[in-house]
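Encoded as structure tokens, the structure appears first; notes follow it.
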Amino acid sequence: MIYDSVLGRSFSKQEQKKLGYWAFVACSFIALSFFTNFKPFLGPLSVCKSFIIQSAIYTWCYPALTYMDLAVNLRLSMGEDEKLPLFSDTDSSLLIANETVGSSSSTVNDTSSSHEEAEIMSTLIVNDTDSSHGESEIRESHTQNMKTNDTSNSLPLVKENDIYRVNNTNSSLPKATDADVVTKNNTIEPLCTLMGRSDFCEIKGDIRIDGKSYTVFIVSSETDILTAENTSWSIRPYARKGDQAAMGAVREWAVKLVTGASDIPQCTQNHSVPAILFSAGGYAGNHFHAFTDVILPLFLTSRPYNGEVQFLITDGRPAWISKFETIMKALSRYQLISIDNSQDIHCYDSMTVGLKRRTNKELSIDPDPSSSPYSMKDFRKFLRSSYSLKKTMATKIRNGSKRRPRLLIISRKRSRAFTNVGEIVTMAKRLGYRAVVAEPDADVSGFAQIINSCDVVMGVHGAGLTNIVFLPENAVLVQVIPFGGTEWLSRTYFEEPAKGMNIRYLDYKIRVEESTLIQQYPADHVVLRDPSAIWKQGWSAVQSIYLRQQNVTLNVNRFRPTLVKALDLLHQ
């Protein structure tokens, strides 16, 4: 009251009104200056919003805008047509405050339709200007925000005992796409390829392997199972699809999508690297089929992991595992697991059931880069490295050179053996070869060293010729084709693969008089007179007679021009 009387005596009503306006302006200016100067020291309150994403409740907390933030950002937004940057501070907390599993809902339920919430969700879609903002994109971007800020070195999240942890995988591996990232209770449906020469499934999620029931369980939500096109697959993890005899000797595995509430085995062994499950059944006891049906497809399937992968073998005999131990250790840094009847439940976040073989050609890799990033040259280089083989190129003979090329004569004991090896060796030496006679055995490394040291290899059609994979580049293979209409076998199994390995190829087809079958059957017998009639009886008859009963006595004078041709090739 005293101030009103003083103002009344000192100022007119008009002057009092003007003084009030100026006082309001001065107070507003002081307040504006206060907030501007002390803004860095004023911590904004947090605002929390909850969302239901893929059967889980997530609460996102973010800093609220102060009045001055809103005023300044609104002004910038109006001037430059930009959205409000809700997360300008890279150190701000973006935490999962609450996570509850159990809801069967698979859609994003936003309990508030405010503009502020819409802005938050828009910031979750990272670098996706063409997205439709559907459920899958929100799920992927949520996973991205859980990673580190450096996307070039971000580490995938994996699930172990219901707790998220960081899996430190090899940095040289191909980077996973957003669709490859696995989120809790969000298993990606297996990508099963049921075509070509092999069936295989590529799986990501909560994977549990029961060796007693030969089943791969994939724990999924009820929604994922309901929306999946398939929930179970049967896989024989051996790369010779279409051959009933071979596939009949391969154990069948089941791949199943199951819910967490179902009666599934609990993990006893958790693994942080991907896994590959394959079979050494079928024809894998044969050296040729071991390479073309197992080793080569295993290389194609596992090589992209650069050793950061674990092998699970089914139908694995100890002798087979021992024979190819060097190769498997070169492809995987982890202990091989013989999974059949295993008492443990092995759990992974990523695995492949089966091996990749996309070509019908034997002992070959599809040269199309879109089919595989690797070639037979890469495979042979890998073998040389694995077995420490020194020779990369065959000897090139120059005119006047005294260097003598090395000839390996592959001998056999049980069938299709040379009965006159001594004559062949003598003739080869006269032509200028250094001749070596050897028979392949279970010691793959030892024989690899022998054949890699040679320039020319000769032998009767058979699994022993598979070892040409260890030959140096530009070497020569001479395949002796036994009597009995086996030309197509020789061409398919060794002629075509040799050319794909940069190995020069020659063959020599024996006459009936060079076969020991003339000592077992009369001259007019159908076996000698008409092999095609035996072929009509089926493979068993052909195998029994022409492959198991026959040995070879080479006519060295008739065979001599073939070895001369091999010498000519080494001059080129």
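- You'll find the side chain of Asn474 reaches within 4.5 Å of the side chain of Met393, heavy atoms only.
- Side-chain contact between Gln269 and Ile345 is absent, with no heavy-atom pair separated by less than 4.5 Å.
- Tyr238 has its side chain within reach of Val294: a pair of non-hydrogen atoms, C-beta onward, lies under 4.5 Å apart.
- When atom types are taken as modelled, the side chain of Ser350 and the backbone of Lys204 share no donor-acceptor pair closer than 3.5 angstrom.
- For Asp366, there are no side chain to side chain donor-acceptor pair (under 3.5 Å) partners, not counting sequence neighbours.
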Determine, stepwise, if the pair Ser375 / Ile365 fulfils side chain to side chain contact (heavy atoms under 4.5 Å, CB included). CA-CA 6 Å; Ser375 65; Ile365 296 176; 5.6 Å; no
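- Of the candidates Val457, Leu506, Leu407, Leu506 is the only one forming a side chain to side chain contact (heavy atoms under 4.5 Å, CB included) with Val476.
- A salt bridge does not link Arg380 with Asp378: none of the charged nitrogens is closer than 4.0 Å to a carboxylate oxygen.
- Applying the side chain to side chain donor-acceptor pair (under 3.5 Å) test to every pair with at least one member in residues 450-463, sequence neighbours left out, gives these pairs: Lys391-Asp455, Thr395-Asp455, Arg406-Ser453, His461-Gln479.
- Looking only at atom types and distance, the side chain of Asp530 has a donor-acceptor partner in the side chain of Ser532 under 3.5 Å away.
- Minimum interatomic distance between Ala417 and Lys413 (heavy atoms only, all atoms of both residues): CB-N, 4.4 Å.
- Side chains of Asp293 and Tyr283: no donor on one and acceptor on the other come within 3.5 Å.
- With Ser364 contributing its side chain and Lys361 its backbone, the two residues share no donor-acceptor pair below 3.5 Å.
- Proximity of a side-chain donor or acceptor of Thr301 to a complementary backbone N or O of Pro297 within less than 3.5 Å is detected.
- Side-chain atoms of Arg197 come within 3.5 Å of backbone N or O of Asn360 as a donor-acceptor pair.
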Going by atom type alone, with no hydrogens or angles, which donor-acceptor pairs under 3.5 Å involve a side-chain atom of residues 317-327 and a protein atom two or more places apart or on another chain?
residue	atom	partner	partner atom	Å
Trp320	NE1	Ala284	O	3.0
Lys323	NZ	His287	ND1	3.1
Glu325	OE2	Lys329	NZ	3.0

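- Remark: Thr292 engages Arg240, Phe288, His289, Arg357, Glu362, Leu363 in a side-chain contact (heavy atoms from CB on, under 4.5 Å) (not counting sequence neighbours).
- Side-chain contact between Ile207 and Asp349 is absent, with no heavy-atom pair separated by less than 4.5 Å.
- Closest approach of Leu331 and Arg303 over heavy atoms only: CD2-CD, 4.2 Å.
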Quick one: do Arg236 and Asp199 satisfy salt bridge (charged side-chain N to carboxylate O under 4.0 Å, His left out)? Show the steps, please. CA-CA 7 Å; Arg236 296 182 188 268; Asp199 293 342; over 6 Å; no
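- Partners of Arg548 according to the side-chain contact (heavy atoms from CB on, under 4.5 Å) rule, which considers only residues two or more places apart in sequence or in another chain, are Gln543.
- For residues 326-371, the pairs satisfying ring-ring contact (aromatic ring centres under 6.0 Å, His included) are His271-His346, His271-Tyr348, with sequence neighbours left out.
- Side-chain contact between Ile339 and Ile313 is absent, with no heavy-atom pair separated by less than 4.5 Å.
- For the pair Thr486 (side chain) and Pro482 (backbone), a donor-acceptor distance under 3.5 Å is present.
- Ser234 places no side-chain N or O within 3.5 Å of a backbone atom of Ala254 that could act as its donor or acceptor partner.
- Residue pairs meeting the side chain to side chain donor-acceptor pair (under 3.5 Å) criterion with at least one partner in residues 440-450, sequence neighbours excluded, do not occur; the list is empty.
- The side-chain heavy atoms of Val255 and Ile218, taken from C-beta on, include a pair separated by under 4.5 Å.
- Seen from the ring of Phe418, Arg412 does not count as a face-on cation partner, given the 6.0 Å and 45° thresholds.
- Rounding to the nearest 0.5 Å places CD1 of Ile209 at 7.0 Å from CH2 of Trp253.
- Checked against the 6.0 Å centroid threshold, Tyr387 and Phe470 count as a close aromatic pair.
- Among residues two or more places apart in sequence or in another chain, the side chain to side chain donor-acceptor pair (under 3.5 Å) test is passed with Thr419 by Thr553.
- Contact annotation: the side chain of Leu570 approaches that of Arg504 to within less than 4.5 Å [non-hydrogen atoms, C-beta and beyond].
- Under the 3.5 Å distance criterion, the side-chain polar atoms of Asp315 are left unmatched by any main-chain donor or acceptor of Ala280.
- In terms of the side chain to side chain donor-acceptor pair (under 3.5 Å) criterion, residue partners of Ser213 (sequence neighbours excluded) are, by chain and number, Asp210, Thr215.
- Tyr214 and Asn341 are linked by a side-chain donor-acceptor pair at a separation below 3.5 angstrom, with hydrogens and angles left out of the test.
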Under the side-chain hydrogen bond (donor to acceptor under 3.5 Å, both in side chains) rule, what do Ser370 and Asp368 come out as? Steps first, then yes or no, please. CA-CA 5 Å; Ser370 63; Asp368 184 358; 2.8 Å; yes
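- In terms of modelled atom types and a separation under 3.5 Å, the side chain of Ser386 and the main chain of Phe382 share a donor-acceptor contact.
- Pairs passing the side chain to side chain donor-acceptor pair (under 3.5 Å) check and including a residue from residues 517-529, sequence neighbours excluded, read Tyr521-Gln549.
- Ser515 places no side-chain N or O within 3.5 Å of a backbone atom of Phe483 that could act as its donor or acceptor partner.
- Rounded to the nearest 0.5 angstrom, Glu513 CD and Ile518 CD1 are separated by 7.0 Å.
- In this structure a side-chain-to-backbone donor-acceptor pair under 3.5 Å is present from Gln310 to Gln335.
- Applying the side chain to side chain donor-acceptor pair (under 3.5 Å) rule to Arg558 yields the partners Tyr508, Glu514; only residues at least two apart in sequence or on another chain are considered.
- For Lys499, the salt bridge (Lys or Arg N to Asp or Glu O under 4.0 Å) test picks out Glu495, with sequence neighbours left out.
- Under a cut-off of 6.0 angstrom, the local environment of CZ in Arg560 is sparse, with at most 12 non-hydrogen atoms contributed by other residues, nucleotides or ligands.
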